[in-house]
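Reading through the C-alpha coordinates given below for one structure.
A, B, ... follow the sequence lines: proteins, then strands. Residue 1 opens every chain. As the structure is a computational prediction, the values presented were derived from the model and not from experiment.
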There are 2 protein chains.
Amino acid sequence: MTDRKNRTRQNLLDSAAVLFTEKGYAGTSVAEICDSARANIASVNYHFGSKEALYRSVIGYTYDQANTLYPLDAGEKMSSEEKFYCFILAFLKRILSTSMTGNFYKLVAKEMAEPTRESGTLINEIISAKRAKIEKLIRDIHDEDIDEETVVRMTHSIVSQCLFLGLNEKGRRHHLKRKPVRFEDVESFARHITDFSLAGIKYYRKFTL
Amino acid sequence: MTDRKNRTRQNLLDSAAVLFTEKGYAGTSVAEICDSARANIASVNYHFGSKEALYRSVIGYTYDQANTLYPLDAGEKMSSEEKFYCFILAFLKRILSTSMTGNFYKLVAKEMAEPTRESGTLINEIISAKRAKIEKLIRDIHDEDIDEETVVRMTHSIVSQCLFLGLNEKGRRHHLKRKPVRFEDVESFARHITDFSLAGIKYYRKFTL
DNA sequence: GCATATTTTAAACAATCATTTAAAATAAGC
DNA sequence: GCTTATTTTAAATGATTGTTTAAAATATGC
(Lines give C-alpha, C1' and ligand atoms only; values in the text may rest on other atoms or scores of the structure.)
Protein backbone atom coordinates (compact mmCIF):
# COMPACT_ATOMS: atom_id res chain seq x y z
CA MET A 1 0.00 0.00 0.00
CA THR A 2 0.98 3.64 -0.32
CA ASP A 3 0.72 4.19 3.42
CA ARG A 4 4.43 3.78 3.85
CA LYS A 5 5.15 6.18 1.01
CA ASN A 6 2.76 8.79 2.34
CA ARG A 7 4.23 8.59 5.81
CA THR A 8 7.79 9.37 4.76
CA ARG A 9 6.50 11.98 2.36
CA GLN A 10 4.61 13.65 5.17
CA ASN A 11 7.57 13.39 7.53
CA LEU A 12 9.76 15.09 4.94
CA LEU A 13 7.17 17.84 4.51
CA ASP A 14 6.90 18.44 8.25
CA SER A 15 10.64 18.39 8.88
CA ALA A 16 11.35 20.60 5.90
CA ALA A 17 8.71 23.14 6.95
CA VAL A 18 10.33 23.52 10.38
CA LEU A 19 13.90 23.62 9.10
CA PHE A 20 13.24 25.99 6.20
CA THR A 21 11.45 28.33 8.60
CA GLU A 22 14.25 28.24 11.12
CA LYS A 23 17.29 28.33 8.87
CA GLY A 24 16.10 29.36 5.45
CA TYR A 25 16.23 27.54 2.14
CA ALA A 26 19.96 27.85 1.48
CA GLY A 27 20.81 27.25 5.13
CA THR A 28 19.06 23.89 5.22
CA SER A 29 20.63 20.83 3.59
CA VAL A 30 18.77 17.88 2.13
CA ALA A 31 20.75 15.59 4.43
CA GLU A 32 19.54 17.56 7.43
CA ILE A 33 15.92 17.29 6.35
CA CYS A 34 16.23 13.54 5.81
CA ASP A 35 17.90 13.07 9.18
CA SER A 36 15.11 14.95 10.90
CA ALA A 37 12.47 12.98 9.01
CA ARG A 38 14.30 9.70 9.67
CA ALA A 39 14.31 9.04 5.95
CA ASN A 40 17.04 8.14 3.49
CA ILE A 41 19.13 10.81 1.81
CA ALA A 42 17.63 9.96 -1.58
CA SER A 43 14.03 10.22 -0.42
CA VAL A 44 13.68 13.93 -1.14
CA ASN A 45 14.49 13.42 -4.81
CA TYR A 46 12.37 10.29 -5.00
CA HIS A 47 9.26 11.87 -3.48
CA PHE A 48 9.56 15.46 -4.68
CA GLY A 49 12.07 15.43 -7.52
CA SER A 50 14.41 18.04 -6.08
CA LYS A 51 15.09 20.19 -3.05
CA GLU A 52 13.49 23.14 -4.80
CA ALA A 53 10.34 21.19 -5.58
CA LEU A 54 10.16 20.15 -1.93
CA TYR A 55 10.43 23.80 -0.96
CA ARG A 56 7.53 24.71 -3.23
CA SER A 57 5.53 21.88 -1.73
CA VAL A 58 6.24 23.20 1.75
CA ILE A 59 5.03 26.65 0.70
CA GLY A 60 1.79 25.21 -0.67
CA TYR A 61 1.32 22.88 2.27
CA THR A 62 1.75 25.51 4.98
CA TYR A 63 -0.37 27.97 3.00
CA ASP A 64 -3.25 25.51 2.79
CA GLN A 65 -2.98 24.86 6.51
CA ALA A 66 -3.15 28.59 7.21
CA ASN A 67 -6.21 29.02 5.01
CA THR A 68 -8.20 26.19 6.55
CA LEU A 69 -7.23 26.99 10.14
CA TYR A 70 -7.64 30.78 10.11
CA PRO A 71 -9.91 31.95 7.27
CA LEU A 72 -9.58 35.66 6.62
CA ASP A 73 -13.10 36.42 5.41
CA ALA A 74 -15.30 37.46 8.31
CA GLY A 75 -19.07 37.29 8.51
CA GLU A 76 -21.20 39.71 6.58
CA LYS A 77 -23.26 41.06 9.42
CA MET A 78 -20.43 43.02 10.96
CA SER A 79 -19.68 46.69 10.68
CA SER A 80 -16.73 47.63 8.52
CA GLU A 81 -14.60 48.40 11.58
CA GLU A 82 -15.45 45.04 13.14
CA LYS A 83 -14.56 43.34 9.88
CA PHE A 84 -11.26 45.15 9.95
CA TYR A 85 -10.49 43.90 13.45
CA CYS A 86 -11.44 40.33 12.54
CA PHE A 87 -9.15 40.42 9.54
CA ILE A 88 -6.21 41.70 11.56
CA LEU A 89 -6.89 39.13 14.28
CA ALA A 90 -6.99 36.19 11.88
CA PHE A 91 -3.93 37.51 10.07
CA LEU A 92 -1.96 37.79 13.30
CA LYS A 93 -3.10 34.34 14.39
CA ARG A 94 -1.63 32.93 11.20
CA ILE A 95 1.65 34.73 11.68
CA LEU A 96 2.07 34.03 15.38
CA SER A 97 0.83 30.43 15.30
CA THR A 98 3.46 28.06 16.61
CA SER A 99 2.11 25.13 14.60
CA MET A 100 2.69 24.38 10.93
CA THR A 101 0.42 27.26 10.00
CA GLY A 102 2.72 29.89 11.48
CA ASN A 103 5.59 28.65 9.39
CA PHE A 104 4.05 29.90 6.18
CA TYR A 105 4.14 33.61 6.96
CA LYS A 106 7.61 33.28 8.41
CA LEU A 107 8.60 31.83 5.05
CA VAL A 108 6.83 34.75 3.40
CA ALA A 109 8.88 37.18 5.46
CA LYS A 110 12.04 35.36 4.42
CA GLU A 111 11.00 35.41 0.77
CA MET A 112 10.36 39.13 0.95
CA ALA A 113 13.81 39.77 2.41
CA GLU A 114 15.62 37.35 0.12
CA PRO A 115 13.53 35.81 -2.63
CA THR A 116 14.43 32.41 -3.99
CA ARG A 117 14.40 31.80 -7.70
CA GLU A 118 10.93 30.49 -8.44
CA SER A 119 8.69 30.87 -5.43
CA GLY A 120 8.92 34.65 -5.55
CA THR A 121 5.97 34.94 -7.94
CA LEU A 122 3.78 32.69 -5.80
CA ILE A 123 4.53 34.70 -2.68
CA ASN A 124 3.80 37.95 -4.51
CA GLU A 125 0.46 36.63 -5.70
CA ILE A 126 -0.51 35.77 -2.16
CA ILE A 127 0.61 39.07 -0.66
CA SER A 128 -1.11 40.98 -3.46
CA ALA A 129 -4.34 39.21 -2.57
CA LYS A 130 -3.94 40.24 1.07
CA ARG A 131 -3.26 43.83 0.05
CA ALA A 132 -6.41 43.84 -2.07
CA LYS A 133 -8.48 42.67 0.89
CA ILE A 134 -7.05 45.42 3.10
CA GLU A 135 -7.62 48.05 0.43
CA LYS A 136 -11.24 47.04 0.26
CA LEU A 137 -11.57 47.23 4.06
CA ILE A 138 -10.01 50.69 4.07
CA ARG A 139 -12.42 51.95 1.42
CA ASP A 140 -15.35 50.52 3.34
CA ILE A 141 -14.28 52.28 6.51
CA HIS A 142 -13.49 55.51 4.73
CA ASP A 143 -16.85 55.60 3.06
CA GLU A 144 -15.81 58.55 0.89
CA ASP A 145 -13.91 58.80 -2.34
CA ILE A 146 -10.23 58.43 -1.68
CA ASP A 147 -7.35 58.47 -4.10
CA GLU A 148 -5.52 55.28 -5.02
CA GLU A 149 -2.14 56.48 -3.79
CA THR A 150 -3.37 57.15 -0.26
CA VAL A 151 -5.02 53.75 -0.05
CA VAL A 152 -1.80 52.05 -1.18
CA ARG A 153 0.19 53.85 1.49
CA MET A 154 -2.25 53.07 4.26
CA THR A 155 -2.22 49.46 3.12
CA HIS A 156 1.55 49.47 3.41
CA SER A 157 1.28 50.80 6.96
CA ILE A 158 -1.10 48.01 7.95
CA VAL A 159 0.56 45.12 6.13
CA SER A 160 3.97 46.03 7.52
CA GLN A 161 2.75 46.11 11.12
CA CYS A 162 1.44 42.56 10.69
CA LEU A 163 4.08 40.86 8.57
CA PHE A 164 6.88 42.40 10.58
CA LEU A 165 5.90 40.06 13.41
CA GLY A 166 6.95 37.16 11.20
CA LEU A 167 10.53 38.36 11.38
CA ASN A 168 10.95 37.59 15.07
CA GLU A 169 13.00 34.54 14.44
CA LYS A 170 14.03 31.76 16.75
CA GLY A 171 17.68 32.24 15.94
CA ARG A 172 17.46 35.83 17.08
CA ARG A 173 15.42 35.19 20.23
CA HIS A 174 18.50 34.45 22.30
CA HIS A 175 20.00 37.90 22.27
CA LEU A 176 16.76 39.81 21.96
CA LYS A 177 16.23 42.53 24.53
CA ARG A 178 12.57 43.12 23.89
CA LYS A 179 10.41 40.10 24.59
CA PRO A 180 8.83 38.67 21.45
CA VAL A 181 5.08 38.84 20.79
CA ARG A 182 3.54 35.54 21.82
CA PHE A 183 0.46 33.79 20.51
CA GLU A 184 -1.28 34.47 23.84
CA ASP A 185 -0.98 38.20 23.13
CA VAL A 186 -2.64 37.89 19.72
CA GLU A 187 -6.00 39.43 20.68
CA SER A 188 -4.60 42.44 22.47
CA PHE A 189 -1.96 42.99 19.81
CA ALA A 190 -4.60 42.79 17.08
CA ARG A 191 -6.58 45.33 19.10
CA HIS A 192 -3.57 47.64 19.13
CA ILE A 193 -2.89 47.41 15.39
CA THR A 194 -6.59 47.93 14.70
CA ASP A 195 -6.92 51.01 16.92
CA PHE A 196 -3.61 52.49 15.81
CA SER A 197 -4.46 52.01 12.15
CA LEU A 198 -8.08 53.09 12.38
CA ALA A 199 -6.90 56.38 13.86
CA GLY A 200 -4.58 56.76 10.87
CA ILE A 201 -7.28 55.88 8.37
CA LYS A 202 -9.71 58.32 9.93
CA TYR A 203 -7.07 61.02 9.96
CA TYR A 204 -7.15 61.10 6.17
CA ARG A 205 -10.92 61.37 6.22
CA LYS A 206 -10.64 64.96 7.40
CA PHE A 207 -9.31 66.08 4.05
CA THR A 208 -11.88 64.41 1.85
CA LEU A 209 -14.84 65.68 3.77
CA MET B 1 53.10 51.62 -0.55
CA THR B 2 49.79 50.41 0.78
CA ASP B 3 47.80 52.19 -1.92
CA ARG B 4 47.52 49.02 -3.95
CA LYS B 5 46.43 47.05 -0.92
CA ASN B 6 43.82 49.61 0.07
CA ARG B 7 42.39 49.72 -3.41
CA THR B 8 41.69 46.00 -3.66
CA ARG B 9 40.45 46.03 -0.07
CA GLN B 10 38.02 48.79 -0.91
CA ASN B 11 36.95 47.09 -4.13
CA LEU B 12 36.20 43.93 -2.18
CA LEU B 13 34.19 45.93 0.36
CA ASP B 14 32.16 47.67 -2.33
CA SER B 15 31.50 44.54 -4.36
CA ALA B 16 30.62 42.52 -1.27
CA ALA B 17 28.21 45.19 -0.02
CA VAL B 18 26.27 45.10 -3.28
CA LEU B 19 26.29 41.32 -3.64
CA PHE B 20 25.39 40.57 -0.01
CA THR B 21 22.52 43.03 -0.27
CA GLU B 22 21.25 41.53 -3.50
CA LYS B 23 21.71 37.84 -2.83
CA GLY B 24 22.32 37.42 0.87
CA TYR B 25 25.31 36.06 2.75
CA ALA B 26 24.83 32.39 1.95
CA GLY B 27 23.79 33.17 -1.62
CA THR B 28 27.01 35.00 -2.41
CA SER B 29 30.24 33.10 -2.99
CA VAL B 30 33.73 34.38 -2.31
CA ALA B 31 34.63 33.69 -5.94
CA GLU B 32 31.75 35.88 -7.07
CA ILE B 33 32.89 38.76 -4.86
CA CYS B 34 36.45 38.50 -6.12
CA ASP B 35 35.30 38.41 -9.75
CA SER B 36 33.23 41.53 -9.23
CA ALA B 37 36.12 43.28 -7.47
CA ARG B 38 38.58 42.09 -10.13
CA ALA B 39 40.69 40.56 -7.38
CA ASN B 40 42.16 37.13 -6.85
CA ILE B 41 40.18 34.37 -5.18
CA ALA B 42 42.54 34.39 -2.18
CA SER B 43 42.26 38.12 -1.57
CA VAL B 44 39.23 37.91 0.71
CA ASN B 45 41.09 35.70 3.15
CA TYR B 46 44.25 37.75 2.83
CA HIS B 47 42.59 41.11 3.50
CA PHE B 48 39.82 40.12 5.89
CA GLY B 49 40.70 36.67 7.20
CA SER B 50 37.48 34.98 6.18
CA LYS B 51 34.19 35.46 4.35
CA GLU B 52 32.44 36.00 7.66
CA ALA B 53 34.91 38.69 8.72
CA LEU B 54 34.37 40.42 5.38
CA TYR B 55 30.64 40.32 6.02
CA ARG B 56 31.09 41.96 9.41
CA SER B 57 33.28 44.61 7.79
CA VAL B 58 30.56 45.29 5.24
CA ILE B 59 28.02 45.72 8.03
CA GLY B 60 30.25 48.21 9.83
CA TYR B 61 31.23 50.01 6.65
CA THR B 62 27.69 50.55 5.38
CA TYR B 63 26.52 51.49 8.88
CA ASP B 64 29.16 54.20 9.17
CA GLN B 65 28.19 55.53 5.76
CA ALA B 66 24.55 55.72 6.84
CA ASN B 67 25.42 57.56 10.04
CA THR B 68 27.58 60.19 8.42
CA LEU B 69 25.27 60.74 5.44
CA TYR B 70 21.91 60.82 7.22
CA PRO B 71 22.26 61.62 10.94
CA LEU B 72 19.14 60.79 12.91
CA ASP B 73 19.31 63.44 15.62
CA ALA B 74 17.44 66.55 14.59
CA GLY B 75 17.96 70.08 15.88
CA GLU B 76 16.80 71.03 19.34
CA LYS B 77 14.64 74.00 18.43
CA MET B 78 11.92 71.93 16.86
CA SER B 79 8.62 70.87 18.31
CA SER B 80 8.31 67.23 19.27
CA GLU B 81 6.13 66.53 16.26
CA GLU B 82 8.62 68.17 13.92
CA LYS B 83 11.40 66.11 15.48
CA PHE B 84 9.35 63.03 14.85
CA TYR B 85 8.97 63.87 11.18
CA CYS B 86 12.68 64.61 10.82
CA PHE B 87 13.55 61.29 12.37
CA ILE B 88 11.25 59.35 10.06
CA LEU B 89 12.53 61.29 7.05
CA ALA B 90 16.20 60.60 7.82
CA PHE B 91 15.38 56.98 8.59
CA LEU B 92 13.58 56.51 5.28
CA LYS B 93 16.38 58.24 3.42
CA ARG B 94 18.80 55.68 4.83
CA ILE B 95 16.59 52.79 3.86
CA LEU B 96 15.67 53.99 0.39
CA SER B 97 19.11 55.31 -0.55
CA THR B 98 20.41 53.63 -3.67
CA SER B 99 24.05 54.22 -2.73
CA MET B 100 26.14 52.22 -0.29
CA THR B 101 24.18 53.71 2.59
CA GLY B 102 20.96 52.05 1.55
CA ASN B 103 22.59 48.66 1.57
CA PHE B 104 22.94 48.65 5.33
CA TYR B 105 19.25 48.63 6.19
CA LYS B 106 18.57 46.10 3.47
CA LEU B 107 21.13 43.92 5.22
CA VAL B 108 19.35 44.65 8.50
CA ALA B 109 16.08 43.46 6.99
CA LYS B 110 17.79 40.30 5.82
CA GLU B 111 19.35 39.72 9.23
CA MET B 112 15.97 40.12 10.88
CA ALA B 113 14.40 37.56 8.59
CA GLU B 114 17.31 35.16 8.71
CA PRO B 115 20.07 36.01 11.16
CA THR B 116 23.60 34.86 10.49
CA ARG B 117 25.64 33.41 13.30
CA GLU B 118 27.56 36.34 14.72
CA SER B 119 26.24 39.59 13.31
CA GLY B 120 22.85 39.04 14.94
CA THR B 121 23.90 40.73 18.16
CA LEU B 122 25.31 43.77 16.36
CA ILE B 123 22.14 44.23 14.36
CA ASN B 124 20.02 43.89 17.48
CA GLU B 125 22.08 46.53 19.27
CA ILE B 126 21.53 48.94 16.41
CA ILE B 127 17.80 48.31 16.10
CA SER B 128 17.40 48.56 19.87
CA ALA B 129 19.00 51.99 19.73
CA LYS B 130 16.56 53.06 17.04
CA ARG B 131 13.65 51.77 19.09
CA ALA B 132 14.86 53.74 22.10
CA LYS B 133 14.95 56.93 20.04
CA ILE B 134 11.41 56.35 18.82
CA GLU B 135 10.17 55.56 22.32
CA LYS B 136 11.58 58.86 23.50
CA LEU B 137 9.89 60.72 20.63
CA ILE B 138 6.57 59.07 21.44
CA ARG B 139 6.80 60.06 25.09
CA ASP B 140 7.65 63.63 24.14
CA ILE B 141 4.65 63.85 21.85
CA HIS B 142 2.35 62.16 24.29
CA ASP B 143 3.32 64.50 27.07
CA GLU B 144 1.41 62.45 29.64
CA ASP B 145 2.29 59.37 31.61
CA ILE B 146 1.93 56.33 29.43
CA ASP B 147 2.54 52.70 30.24
CA GLU B 148 5.58 50.90 28.91
CA GLU B 149 3.61 48.25 27.04
CA THR B 150 1.70 50.78 24.96
CA VAL B 151 4.90 52.61 24.03
CA VAL B 152 6.51 49.35 22.95
CA ARG B 153 3.57 48.54 20.71
CA MET B 154 3.44 51.94 19.14
CA THR B 155 7.16 51.70 18.53
CA HIS B 156 6.61 48.41 16.78
CA SER B 157 4.00 50.02 14.55
CA ILE B 158 6.39 52.79 13.56
CA VAL B 159 9.55 50.73 13.16
CA SER B 160 7.76 48.16 11.03
CA GLN B 161 6.37 50.77 8.62
CA CYS B 162 9.92 52.01 8.02
CA LEU B 163 12.02 48.87 7.97
CA PHE B 164 9.48 47.06 5.82
CA LEU B 165 10.56 49.30 2.96
CA GLY B 166 13.97 47.63 3.13
CA LEU B 167 12.37 44.37 2.02
CA ASN B 168 11.56 45.57 -1.50
CA GLU B 169 14.33 43.63 -3.05
CA LYS B 170 15.82 43.86 -6.49
CA GLY B 171 15.28 40.17 -7.09
CA ARG B 172 11.61 40.62 -6.50
CA ARG B 173 11.13 43.81 -8.49
CA HIS B 174 10.61 41.94 -11.74
CA HIS B 175 7.32 40.33 -10.89
CA LEU B 176 6.09 43.03 -8.53
CA LYS B 177 2.64 44.36 -9.29
CA ARG B 178 2.77 47.38 -7.03
CA LYS B 179 5.47 49.84 -7.98
CA PRO B 180 8.22 50.08 -5.36
CA VAL B 181 8.74 53.18 -3.23
CA ARG B 182 11.52 55.22 -4.82
CA PHE B 183 13.97 57.61 -3.22
CA GLU B 184 12.21 60.52 -4.93
CA ASP B 185 9.08 59.69 -2.93
CA VAL B 186 10.94 59.80 0.37
CA GLU B 187 9.55 63.12 1.60
CA SER B 188 5.94 62.40 0.84
CA PHE B 189 6.21 58.87 2.16
CA ALA B 190 7.81 60.14 5.37
CA ARG B 191 4.92 62.60 5.59
CA HIS B 192 2.48 59.72 5.30
CA ILE B 193 4.12 57.56 7.97
CA THR B 194 4.35 60.58 10.25
CA ASP B 195 0.71 61.59 9.87
CA PHE B 196 -0.57 58.03 10.04
CA SER B 197 1.45 57.32 13.17
CA LEU B 198 0.79 60.62 14.90
CA ALA B 199 -2.92 59.93 14.57
CA GLY B 200 -2.33 56.55 16.21
CA ILE B 201 -0.21 58.02 18.99
CA LYS B 202 -2.77 60.71 19.71
CA TYR B 203 -5.53 58.14 19.74
CA TYR B 204 -4.06 56.64 22.90
CA ARG B 205 -3.90 60.05 24.50
CA LYS B 206 -7.66 60.05 24.90
CA PHE B 207 -7.49 57.38 27.55
CA THR B 208 -4.82 58.91 29.71
CA LEU B 209 -6.42 62.32 29.85
C1' DG C 1 2.89 -18.00 -3.21
C1' DC C 2 4.82 -16.24 -7.00
C1' DA C 3 5.68 -12.40 -10.29
C1' DT C 4 5.46 -7.57 -10.59
C1' DA C 5 5.59 -2.95 -8.96
C1' DT C 6 6.86 0.25 -5.48
C1' DT C 7 9.71 2.12 -1.93
C1' DT C 8 14.00 2.29 0.69
C1' DT C 9 18.78 1.89 1.13
C1' DA C 10 23.92 2.65 0.80
C1' DA C 11 27.31 4.19 -2.12
C1' DA C 12 29.11 7.11 -5.44
C1' DC C 13 28.64 11.14 -8.33
C1' DA C 14 30.14 15.64 -10.02
C1' DA C 15 29.90 20.37 -8.74
C1' DT C 16 30.74 23.95 -5.68
C1' DC C 17 32.20 25.90 -1.51
C1' DA C 18 35.67 28.56 1.66
C1' DT C 19 40.25 28.25 2.64
C1' DT C 20 45.35 27.21 2.28
C1' DT C 21 49.77 27.00 0.08
C1' DA C 22 53.83 28.34 -1.97
C1' DA C 23 55.68 30.65 -5.75
C1' DA C 24 55.58 34.94 -8.48
C1' DA C 25 55.17 39.90 -8.75
C1' DT C 26 55.54 44.26 -6.85
C1' DA C 27 56.70 47.70 -3.48
C1' DA C 28 59.63 49.73 0.33
C1' DG C 29 63.71 50.80 3.05
C1' DC C 30 68.16 52.35 2.83
C1' DG D 1 70.32 48.71 -6.90
C1' DC D 2 70.02 45.28 -3.84
C1' DT D 3 67.66 43.26 0.12
C1' DT D 4 63.59 42.76 2.60
C1' DA D 5 58.67 43.09 3.21
C1' DT D 6 54.23 43.17 1.17
C1' DT D 7 50.75 41.93 -2.05
C1' DT D 8 48.99 39.12 -5.84
C1' DT D 9 48.56 34.94 -8.26
C1' DA D 10 47.36 30.08 -9.68
C1' DA D 11 46.73 25.66 -8.04
C1' DA D 12 45.32 22.46 -4.75
C1' DT D 13 42.86 21.17 -0.48
C1' DG D 14 39.26 18.97 2.05
C1' DA D 15 34.61 19.44 3.16
C1' DT D 16 29.90 19.82 1.81
C1' DT D 17 26.42 20.32 -1.46
C1' DG D 18 22.25 18.23 -4.33
C1' DT D 19 21.53 14.44 -7.14
C1' DT D 20 21.99 9.74 -9.31
C1' DT D 21 22.53 4.81 -9.38
C1' DA D 22 21.63 0.17 -8.81
C1' DA D 23 20.79 -3.23 -5.54
C1' DA D 24 18.00 -4.55 -1.51
C1' DA D 25 13.69 -4.57 0.88
C1' DT D 26 8.91 -4.37 0.98
C1' DA D 27 4.31 -4.26 -0.71
C1' DT D 28 0.76 -5.39 -4.34
C1' DG D 29 -2.10 -8.03 -7.74
C1' DC D 30 -3.96 -12.22 -8.77
Report the distance from atom CG of B:N11 to atom P of D:dT8, rounded to the nearest whole Å.
10 Å

Rounding to an integer number of Å, can you tell me how far A:Q10 CD sits from C:dT7 P?
15 Å

Does a nitrogen or oxygen in the side chain of B:S43 sit under 4.0 Å from OP1 or OP2 of D:dT7?
no

Is the backbone N or O of A:T155 less than 3.5 Å from a side-chain atom of A:R131, with the two atoms forming a donor-acceptor pair by type?
no

Round to a whole Å and report the spacing from OH of A:Y55 to P of D:dG18.
14 Å

Can you list everything that forms a ring pair (Phe, Tyr, Trp, His ring centres under 6.0 Å) with B:Y61? Sequence neighbours excluded, please.
none

Parallel, tilted or perpendicular: which one describes the rings of B:H156 and A:F189, with boundaries at 30° and 60°?
perpendicular

Nearest-angstrom distance from the residue atom CG of A:L12 to C1' of D:dG18
15 Å

Between B:K106 and A:E114, is there a side-chain N and carboxylate O pair less than 4.0 Å apart?
no

Under a plain distance cut-off of 3.5 Å, with no hydrogens placed, do B:N40 and B:S43 share a side-chain donor-acceptor pair?
no

Between C1' on D:dT17 and CG on A:L19, what's the gap in Å once rounded to a whole number?
16 Å

Which of parallel (below 30°), tilted (30 to 60°) and perpendicular (above 60°) describes A:F91 and A:F87?
tilted

Consider the side chain of A:K51, meaning its heavy atoms from C-beta on, and name the nucleotide among D:dG18, D:dT6, C:dA18 that approaches it most closely.
D:dG18

Listed nucleotide nearest any side-chain atom of A:N40, set D:dT8, D:dT19, C:dT9:
C:dT9

Starting at atom OH of B:Y46, determine the distance to atom P of C:dA24, rounded to an integer number of angstrom.
18 Å

Closest to side chain of B:T8, choosing from C:dT8, D:dT8, C:dT19:
D:dT8

When the nearest nucleotide of DNA chain D is assigned to A:E32 and to A:A42 on a heavy-atom basis, which residue is associated with the more 5' position?
A:E32

Quick one: B:D35 CG to D:dT9 C1', roughly how many Å, whole number?
14 Å

Ring pair (Phe, Tyr, Trp, His ring centres under 6.0 Å) involving A:F20 - partner list, sequence neighbours excluded:
A:Y25, A:Y55

What does the 5'-to-3' dot-bracket notation of DNA chain D look like when only Watson-Crick and G-U wobble pairs under 3.5 Å count, and pairs to other strands show as |?
|||||||||||||.|||.||||||||||||

Counting only side-chain heavy atoms from C-beta out, which of C:dT8, D:dA11, D:dT7 sits nearest to B:I41?
D:dA11

Can you measure A:R38 atom CZ to C:dT9 atom P for me and round it to whole angstrom units?
12 Å

Against the side chain of A:N45, the closest entry in D:dT20, C:dA18, C:dT7 is D:dT20

